[in-house]
Amino acid sequence: MKKSYRLPLWILLGVALLLLVAHLLLPHLVLNYLNDKMADMGDYRGQVEDVDLAWWRGAYSVDGLRIEKKQEPVQAPLFTAASIDIGVSWRTLWRERALVGEVIFHEPHLNFVDDDEPESDQTGGGLDWRERVNELVPFTLNEVRVIDGQLSFRNFDADPQVHVYANAINASLYNLTNSAKEEQGRVARFEGEAKFFNQAPIEATAHFDPFTDWEDFDVSLRMTGLELTKLNDFSNAYGKFDFEAGTGDLVVEVQARDSQLDGYIKPLLRNVQVFDIEQDIKNEDKGFFRGIWEAVVGGSENILKNQSKDQFATRVELSGSTKNTEVSPFQAFIAILRNGFVEAFSARFERSLAEDEG
């Protein structure tokens, strides 16, 4: 009897030993695989610091991801993440014989950079990121979650430097890599919330087709209660004026059909002060003509203000095409959006709030 149990026992021990070896070696194999795949990503390169496996839930985690430009180093990397959890749904695998999973990003930071030199811009262009994601995560993504993320727009050449950011981002992307055979279009959905400058709450939604190149999508965003002085670095660099005081709300709605953009940016500003004679005209650092410009901006605000509510609004129309032979569709979209923000906050107001609501 004892002899008959020896073979199964050795088999079990052998299997256990193989599992132990696999548990010890696989993280290093996966780490090397990921770093090899990300070593050359067009204009960018990526690297991860560590990989951990969780067999019991069909998942692994990636720690210390960093993606940056190769040839033209930028002061901020394109993307970083403290850790990323990647898991497969056992239920879907068992019931539908399909590999479906989710990815959770912990503390991801995405940095877009504007620069006078095109080669120093950082928009993520120059690479098909969907193809690279499919190589690194070869299964259908049912959900991508972001926990405590940050999205930044920077200009390191401006004086002072520009850093506009949304932080505390908690969001989900659903059906990101649905089958390309689906004909319904714009099947992916985004829902998220954040804080602008760690202060003003933001809500955003989007619908898009992940298999088109920024040809069909719609985006809606609403922000409330921003302290306008936080925009001074941006307005100084792109609009040549500063806010002295005030608060603002912002609504953005953009859609694209066959690469043609249609939408608007609508700020609602309250108790705005743009011009201060003591701080502007008499400020030697700004100069006389800069002070005169801010006086004009402030004068425009006073003319168009709704005196009963001490607030005013404007609406800047967004239009253009994401098809541009010189830049990627995403870069074209960012450029149109940036120009819209510059116009919206440069006091080129079209009508008062009362007229807009009427």
Side-chain angles (χ1 to χ4, degrees), residues 20-89 99 101-113 120-154 156 161 163-173 176-177 190 192 194-195 198 330:
L20 178 60
V21 172
H23 180 73
L24 294 174
L25 292 181
L26 270 180
H28 298 284
L29 295 176
V30 174
L31 177 64
N32 292 334
Y33 172 81
L34 294 176
N35 283 334
D36 181 64
K37 285 292 184 180
M38 294 190 297
D40 185 7
M41 299 189 296
D43 294 337
Y44 298 87
R45 62 185 172 198
Q47 185 175 7
V48 296
E49 295 178 356
D50 192 21
V51 171
D52 294 313
L53 300 182
W55 300 91
W56 58 93
R57 58 188 181 94
Y60 69 94
S61 63
V62 174
D63 298 328
L65 172 63
R66 182 184 180 91
I67 299 175
E68 59 189 354
K69 270 198 165 183
K70 289 189 303 186
Q71 304 300 330
E72 295 290 337
V74 180
Q75 295 184 47
L78 175 68
F79 184 79
T80 63
S83 65
I84 306 172
D85 291 332
I86 304 170
V88 175
S89 171
L99 281 173
E102 68 175 17
V103 175
I104 303 174
F105 290 88
H106 297 271
E107 300 179 21
H109 288 188
L110 180 60
N111 293 290
F112 296 117
V113 177
S120 297
D121 279 348
Q122 184 169 268
T123 61
L127 178 68
D128 189 338
W129 292 99
R130 293 164 301 183
E131 180 180 345
R132 192 50 53 99
V133 169
N134 286 334
E135 291 179 358
L136 299 175
V137 186
F139 52 81
T140 299
L141 291 177
N142 183 54
E143 181 180 0
V144 175
R145 292 170 56 197
V146 172
I147 298 176
D148 195 21
Q150 180 168 310
L151 174 64
S152 295
F153 172 84
R154 299 174 180 266
F156 294 104
Q161 294 182 355
H163 184 198
V164 178
Y165 65 92
N167 67 317
I169 299 174
N170 293 288
S172 291
L173 276 163
L176 184 62
T177 55
F190 170 87
K195 290 184 178 180
N198 199 34
F330 180 73

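Values reported hereafter were calculated over all heavy atoms of this structure, with side chains retained and with hydrogens, waters and symmetry mates removed.
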D121 and F112: side chain to side chain contact (heavy atoms under 4.5 Å, CB included), yes or no, with the steps?
CA-CA 8 Å; D121 279 348; F112 296 117; over 6 Å; no
Under the side chain to side chain contact (heavy atoms under 4.5 Å, CB included) criterion, do F156 and V74 qualify, and how do the steps go?
CA-CA 9 Å; F156 294 104; V74 180; 4.2 Å; yes
So which atom in R145 and which in S172 form the shortest heavy-atom distance, rounded to 0.1 Å?
CG-OG, 3.5 Å
Under the side chain to side chain donor-acceptor pair (under 3.5 Å) test, residues paired with E107 that sit two or more places apart:
none
Where D63 and S83 come nearest, the two heavy atoms and their spacing:
OD1-CB, 3.3 Å
Could you report the tightest heavy-atom contact between A171 and G192, atom names first, then the distance?
CB-CA, 3.6 Å
Residue list, salt bridge (Lys or Arg N to Asp or Glu O under 4.0 Å) with D40, at least two apart or on another chain:
K70
Give me the atom names and distance for the closest heavy-atom approach of G124 to Y44.
N-OH, 3.1 Å
In the structure I gave you, are the side-chain heavy atoms of V103 and D85 within less than 4.5 Å of one another anywhere?
no
Is there side-chain contact between I84 and I104, with at least one heavy-atom pair below 4.5 Å?
no
side-chain contact (heavy atoms from CB on, under 4.5 Å) partners of N32, counting only residues at least two apart:
none
D148 and H106: side chain donor to acceptor below 3.5 Å
no
What's the separation between atom CD1 in I67 and atom CD in Q47, rounded to the nearest 0.5 Å?
11.5 Å
Less than 4.5 Å apart, side chain to side chain, heavy atoms only: is that true for V30 and Y60?
yes
Enter the distance from N111:CG to F153:CZ here, rounded to the nearest 0.5 Å.
11.5 Å
Sorted by chain and number, sequence neighbours left out, side-chain contact (heavy atoms from CB on, under 4.5 Å) with L31 holds for N35, V48, V51
Looking at residues at least two apart in the chain, or sitting in another chain, which of them share a side chain to side chain donor-acceptor pair (under 3.5 Å) with E68?
R66
Find out whether Q122 and K69 are in side-chain contact, i.e. whether some heavy atom of one side chain is under 4.5 Å from a heavy atom of the other.
yes
Report the residues that fulfil salt bridge (Lys or Arg N to Asp or Glu O under 4.0 Å) with R154, sequence neighbours left out, ordered by chain and then residue number.
none
Kindly give the heavy-atom pair with the smallest separation between P108 and V146, and that separation in Å.
CG-CG1, 3.5 Å
Sequence-distant partners of Q150, side-chain contact (heavy atoms from CB on, under 4.5 Å), two or more places apart
H109, S152, H163, Y165, N167
Worked check of side chain to side chain contact (heavy atoms under 4.5 Å, CB included) between V144 and E102:
CA-CA 6 Å; V144 175; E102 68 175 17; over 6 Å; no
Please enumerate all residues that pass side-chain contact (heavy atoms from CB on, under 4.5 Å) together with N170, with sequence neighbours excluded.
I147
Working note: I169 + L151, criterion side chain to side chain contact (heavy atoms under 4.5 Å, CB included); need CA distance, chi angles, decisive distance, verdict.
CA-CA 8 Å; I169 299 174; L151 174 64; 3.9 Å; yes
